[in-house]
Amino acid sequence: MSVKENPLDDNQRTEPRLPHNEVIYVEIMTPGAVESDDLNPAVRATETVDISANGLQVRIPEALRVGAILQICILREKTGDRFHLTAEVKWRKRLPGTYGYMTGLALFESEETSIAEWKMAVSAMFSDEDADHADHVTH
């Protein structure tokens, strides 16, 4: 399997994505996960660009190393829900003219995380999105 060269190319996506802005916290525990000399564990606040049941596209200041495994916490400001997940960095792209990177994260199935709750929440968000579109069409 190769790393996706053009992360914005929707032809490579295997599931629907929902444009969505959420605050997430990326816990960087693995030495070498960030391409810098800082090897200390760190937590970085960032935000999602789009989400799916099995992945996220995020904006983050650091250049995360493709293949790095991260612990992340998604905090939904709207509901207060927290999801503790494990993700792999699948790709990254420098954002032109800005400070940071667009980064693709693939979520892992694991009993020790909130993956089942995350998938239910994403399903509900898609349902809410569909209902919003239906309201706009009928009114």
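When a residue number appears, it is its place in the shown sequence, counting from 1. Small disclaimer: the values here were computed from a predicted structure and weren't measured.
- Judged by distance alone, the side chain of R82 and the main-chain N or O of C73 form no donor-acceptor pair under 3.5 Å.
- T79 places a side-chain N or O within 3.5 Å of a backbone atom of D81 that can act as its donor or acceptor partner.
- Counting heavy atoms from C-beta on, the side chains of I72 and L56 come closer than 4.5 Å.
- To the nearest 0.5 angstrom, I60 atom CD1 is 12.0 Å from T48 atom OG1.
- Listed by first and then second residue, the side chain to side chain donor-acceptor pair (under 3.5 Å) pairs involving residues 111-125 are N54-K119, E109-K119 (not counting sequence neighbours).
- Using a 4.5 Å heavy-atom cutoff, the side chains of I51 and V122 are in contact.
- Note that the CG atom of L105 and the CD atom of Q57 stand 9.5 Å from one another [nearest 0.5 Å].
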- prompt: Would L64 and R92 satisfy side-chain contact (heavy atoms from CB on, under 4.5 Å), going step by step from the backbone distance to the final call?
  reply: CA-CA 7 Å; L64 298 177; R92 70 155 193 263; 5.7 Å; no
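- Between L85 and I74, some side-chain heavy-atom pair lies under the 4.5 Å cut-off.
- The shortest heavy-atom contact between G67 and E88 is CA-OE2, 3.7 Å.
- Contact annotation: the side chain of R76 approaches that of M125 to within less than 4.5 Å [non-hydrogen atoms, C-beta and beyond].
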- prompt: Checking side-chain contact (heavy atoms from CB on, under 4.5 Å) for the pair V58/V49: CA distance, chi angles, key distance, verdict?
  reply: CA-CA 5 Å; V58 300; V49 175; 5.8 Å; no
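- Within the 4.5 Å cutoff, the side chain of T86 has no heavy atoms near those of the L107 side chain.
- Nearest heavy atoms, A53 versus I115: O-CD1, 4.2 Å.
- Applying the ring pair (Phe, Tyr, Trp, His ring centres under 6.0 Å) criterion to Y101, with sequence neighbours excluded, gives no partner residue.
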